[in-house]
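No hydrogens, no waters, no symmetry mates; every other heavy atom, side chains included, goes into these values. Atoms within each ligand, like the ligands themselves, are counted from 1 in listed order. What you see is a predicted model; the values in this text were computed from it and never measured.
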Amino acid sequence: MATKAPREDFDDSDLTVEERKEYAAGVPAVAKSLQMSWQQMGTVRTGRTLLRLNQKHGFDCPGCAWPDPADRSPAEFCENGAKAVAEEATLRRVTPEFFAEHSLADLETRTDWWLGQQGRITHPVIRREGASHYEPIEWDAAFDLVAEHLNGLDSPDEAVFYTSGRTSNEAAFLYQLMVRGYGTNNLPDCSNMCHESSGSALGETIGVGKGSVMLEDLYESELIVVAGQNPGTNHPRMLSALEKAKKNGAVVVAVNPLPEAGMIKFKNPQKPLSLVAGTELADDFVQVRVGGDMALFQAVARLLLDKERDSPGSVVDRAFVEGHTTGYEEYAANLAELDWDEVTTATGLSREAIQGLADRFAASRRTVVCWAMGLTQHKHSVKTLREVVNLLLLQGNIGRPGSGVCPVRGHSNVQGDRTMGIFERMPSSFHDALDKEFAFASPREHGMDTVAAIEAMRDGKAKVFMGMGGNFVRATPDTDVTEAALRGCALTVQVSTKLNRSHVVTGGTALIFPTKGRTEVDVQRSGEQVVTVEDSMSAVHATRGRLAPASDHLLSEVAIVCRLARRVVGDRVDADWQAFEDDYRTIRARIERVVSGFDDFEAKIARPGGFVLPHAARERRWNTESGKALFTANDLEYPHVPAGRLLLQTLRSHDQFNTTIYGLDDRYRGISDGRRVVFVNPEDLVELGLVDGQHVDIVSEFTDHERVAENFRVVTYSTAKGCAAAYYPETNVLVPLGHKADISGTPASKSLVVRLVARTDAPVPVAR
Ligand SMILES: Nc1nc2c(c(=O)[nH]1)N[C@H]1C(S)=C(S)[C@@H](COP(=O)(O)OP(=O)(O)OC[C@H]3O[C@@H](n4cnc5c(=O)[nH]c(N)nc54)[C@H](O)[C@@H]3O)O[C@H]1N2
Ligand SMILES: Nc1nc2c(c(=O)[nH]1)N[C@H]1C(S)=C(S)[C@@H](COP(=O)(O)OP(=O)(O)OC[C@H]3O[C@@H](n4cnc5c(=O)[nH]c(N)nc54)[C@H](O)[C@@H]3O)O[C@H]1N2
Ligand SMILES: [Mo]
């Protein structure tokens with residue numbers, strides 16, 4: 001099985017820019033994913049692997065959390081799912097010889113792309129205090145060492161246990177048990193940087209911090225608003241669902257500063273006809289300014305209330321509002337005061353455009369609002385999402401078929417991990433159940449979220465960092481601060497499949513625990529194991545890998561946790577860690593007794609497709625303080641941008657999964673062979689005296705000090721005026737640690753006030 005060796009590192013000097021593409025997916029997408037898979041896996045393995053992806057007896061895609069439809073296509077995967085699989089199932093290997101050859105100093109000079117391209121890590125390795133290289137270590141010795149560090153801390157709160165969202169339910173449940181058994185709630189996770197704002201807003205207003213819709217609701221809806229989300233790249237299978245909804249008569253509206261490919265036009269690679277014709281997915285494109293959504297939703301609601309006043313009963317679902325909600329009067333009174341000048345400044349939209357969206361809402365009896373990071377990563381994100389809820393409540397659009405809230409989750413099991421207790425502040429009902437089941441007293445004081453954990457490490461208050469997956473150093477804000485924080489730790493431990501920056505920026509002693517991925521067979525003493533995951537729509541199902549593990553030395557995440565927990569927690573909790581490791585059914589039996597909604601867990605996952613967790617708000621039961629759904633009155637907020645400055649959002653290219661850089665093309669946006677680009681509106685360029693092709697430094701301006709990301713090529717692009725966009729993680733240096741959403745604490749990486757400073761060391765191209 002021939003695979004291609006990774007090519008040498010890149011430096012952006014070959015970067016090219018072409019016209020933006022309108023169509024997403026289609027034949028080039030399939031060709032591209034197969035090409036990447038062949039390079040990483042060879043042809044035979046590619047065929048065998050991709051056909052099991054998202055099938056009822058196969059494995060769950062390690063990419064995004066979009067649910068699987070009941071009527072699955074034999075090729076139920078997308079281009080980017082295929083890339084995610086190729087990255088994991090690659091035949092390239094990072095061996096002890098690799099680490100002998102490459103010192104840490106050498107690895108530090110490499111790009112994220114190069115690091116990821118080296119392949120799967122095969123052996124546990126250690127960087128001993130002061131050493132220049134990683135070297136192999138036996139598993140037992142490595143676990144002893146971690147336990148020694150942890151047990152030597154003054155307090156368990158000096159340790160931080162991070163989780164990324166690929167970890168299975170079983171591993172996540174045991175991990176949080178180990179951490180709480182050890183004595184802390186310091187369980188930050190990637191969700192803190194992702195949908196935390198959604199959880200905060202939904203939890204307080206409708207009583208469940210998760211989405212309320214199923215795929216069928218999308219198919220049945222009359223209006224689907226997709227706000228702050230780029231599904232063509234990040235949730236490509238969602239486009240098929242939108243296409244189906246449209247066929248059934250739904251109107252689709254995109255709310256975004258960027259005209260993202262796919263929302264505008266879409267070719268379904270699984271349907272030959274649509275390949276030719278293409279579907280215009282979005283009926284309307286509302287090009288809102290970055291951070292202007294709260295103003296937009298308030299303005300739409302105000303127009304709806306005006307309509308209701310002029311023609312009572314035409315808009316508001318009175319029976320629902322009276323029977324199921326509180327706070328309506330305050331909410332309506334607040335909107336009566338709405339300042340339209342502020343709305344114009346915040347949204348950059350004409351009154352007609354806003355009226356157009358309001359008319360769409362008024363005309364629909366079944367509305368779904370979908371969103372992702374464009375709404376969650378702002379200072380005022382929780383307020384913005386409260387306004388989404390308000391708008392839906394107004395027309396009774398929660399808990400009615402064909403309608404609801406649809407936060408589209410990121411990592412494939414990020415929602416499941418939270419359900420399993422990966423959270424620094426689980427409700428006391430969870431702690432009570434955990435304590436009872438495992439006969440111990442879990443700590444009740446809230447732990448640290450991601451930002452708090454970085455602050456604690458920075459200030460020397462946390463000394464041991466463990467990452468269950470993910471790439472903490474690269475995913476988090478304020479890169480320089482975070483790197484120094486990690487380097488200040490006595491010990492850093494990363495449970496990983498592939499090499500990344502968090503293996504290079506380490507504490508005094510550093511360990512890498514290589515683990516099996518979702519695509520791989522997991523055999524334990526009782527035989528072959530399955531694990532479970534929960535998708536974005538609360539469906540839980542089994543996933544079973546088939547490929548031979550990348551090396552004989554890998555342990556599953558479950559085994560890693562069990563072996564460490566035996567040493568760290570011992571018999572402080574009533575758990576048989578060996579039995580858990582030997583047979584994952586014993587873990588599920590305990591989950592069933594602690595986490596509600598998992599009755600008959602084992603039997604339910606034996607069914608093809610699994611089962612759906614209960615969602616009270618879906619049934620119009622409101623687990624809020626008042627027992628009703630809550631309208632909230634919020635003072636309008638939006639980012640204020642001084643003259644000569646732009647509002648920068650940091651986003652994903654088409655060729656990356658978060659910090660894993662698959663390749664160097666952002667095909668739909670016309671970028672190839674490089675990543676350091678900043679997209680700017682043509683009018684802004686004229687005003688700023690800059691031209692397309694010029695090189696600039698991006699300087700973010702905050703009260704503490706300025707931060708600089710160097711040498712980006714300016715690209716003229718149709719973004720909303722006053723706004724700019726550049727890729728994450730390169731731009732994380734620009735996000736101050738303290739710049740985060742109120743209440744949820746999510747880094748506000750979609751709203752950075754920046755100025756572009758022309759570089760003097762590069763020629764200025766002639767304006768076109
Ligand atoms: N292939 C691939 N799939 C992925 C990922 C990946 O990296 N690669 N990541 C996964 C993860 S963890 C997540 S969380 C999701 C992320 O999925 P997305 O949220 O789609 O990811 P982003 O690239 O951050 O895109 C944010 C979108 O919001 C828009 N936006 C930015 N600011 C605003 C604003 O103020 N208002 C509005 N209305 N829109 C705005 C941007 O223009 C962009 O279209 O995808 C998941 N799936
Ligand atoms: N500026 C800016 N910053 C952001 C964002 C943004 O939009 N802008 N988005 C934020 C969001 S939404 C998120 S979710 C975070 C992402 O933050 P993380 O989840 O921490 O980052 P990833 O890049 O997804 O992690 C990739 C690494 O996970 C490991 N891995 C992959 N599969 C497995 C597995 O099965 N098991 C284990 N143990 N390890 C595995 C691999 O070693 C790989 O290198 O970043 C956040 N940061
Ligand atoms: Mo995410």
Side chain, backbone, both or neither: which part of Val408 has a heavy atom under 4.0 Å from ligand 1? neither
Parallel, tilted or perpendicular, as decided by the 30° and 60° cut-offs, for the rings of His640 and Tyr638: tilted
Closer than 4.0 Å to some heavy atom of Gly291 - which atoms of ligand 1 meet that? 34 (C), 35 (O)
With heavy-atom distances below 4.0 Å as the criterion, list the atoms of ligand 1 near Cys64. 47 (N)
Is there a heavy atom of His654 sitting under 4.0 angstrom from any atom of ligand 1? no
Hey, do the aromatic rings of Phe702 and His739 have their centres closer than 6.0 Å? yes
Spell out, as yes or no, whether a donor-acceptor pair under 3.5 Å connects the side chain of Arg409 to the backbone of Trp66. no
For ligand 1, which atoms have a heavy atom of Asn80 less than 4.0 angstrom away? 1 (N)
Contact atoms of ligand 1, heavy-atom distance to Asp293 under 4.0 Å: 34 (C), 35 (O), 36 (N), 37 (C), 38 (N)
Check each heavy atom of His235 against ligand 1 and say whether those closer than 4.0 Å belong to the side chain, the backbone, both or neither. side chain
Under the 3.5 angstrom rule, does the side chain of Ser556 hit a backbone N or O of Ala559 as a donor-acceptor pair? yes
Side chain to side chain donor-acceptor pair (under 3.5 Å) filter on Gln494, not counting sequence neighbours, yields none
Apply side chain to side chain donor-acceptor pair (under 3.5 Å) to Lys210 and list each qualifying residue two or more places apart in sequence or on a separate chain. Thr419, Glu534
Gly228 heavy atoms within 4.0 Å reach ligand 1 at atoms 19 (O), 27 (C), 28 (O), 29 (C), 37 (C), 38 (N), 39 (N), 40 (C)
Could you tell me whether Pro257 and ligand 1 have an N or O pair separated by under 3.5 Å? no
Would you say Leu258 has any N or O atom under 3.5 Å from an N or O of ligand 1, going by distance alone? no
Main-chain N/O of Val473 paired with Thr482 side-chain donor or acceptor, under 3.5 Å: no
In terms of side-chain heavy atoms, does Arg92 have a donor or acceptor partner in Gln118 at a distance below 3.5 Å? no
Closer than 3.5 angstrom, by distance alone: can the side chain of Glu483 be matched with the main-chain N or O of Asp480 as a donor-acceptor pair? no
Going by the atom numbers of ligand 1, which of them fall below 4.0 Å from some non-hydrogen atom of Val288? 38 (N)
Worked check of salt bridge (charged side-chain N to carboxylate O under 4.0 Å, His left out) between Arg675 and Glu730: CA-CA 8 Å; Arg675 292 182 48 87; Glu730 286 82 349; 2.6 Å; yes
Pairing residues for Asp535 by the side chain to side chain contact (heavy atoms under 4.5 Å, CB included) criterion, not counting sequence neighbours: Pro67, Met537, Ala539
Aromatic centroids of His123 and Phe513 separated by under 6.0 Å: no
If you count only heavy atoms, which residues are under 4.0 Å from ligand 2? Tyr162, Ser164, Arg166, Cys190, Met193, Cys194, Met373, Gln377, His411, Gly469, Gly470, Asn471, Ala475, Val495, Ser496, Thr497, Lys498, Asn500, Thr515, Glu557, Thr650, Arg652, Phe657, Asn658, Thr659, Thr660, Tyr728, Asn732, Ser749, Lys750
Look only at interatomic distance and state if Arg289 has a nitrogen or oxygen under 3.5 Å from any nitrogen or oxygen of ligand 1. no
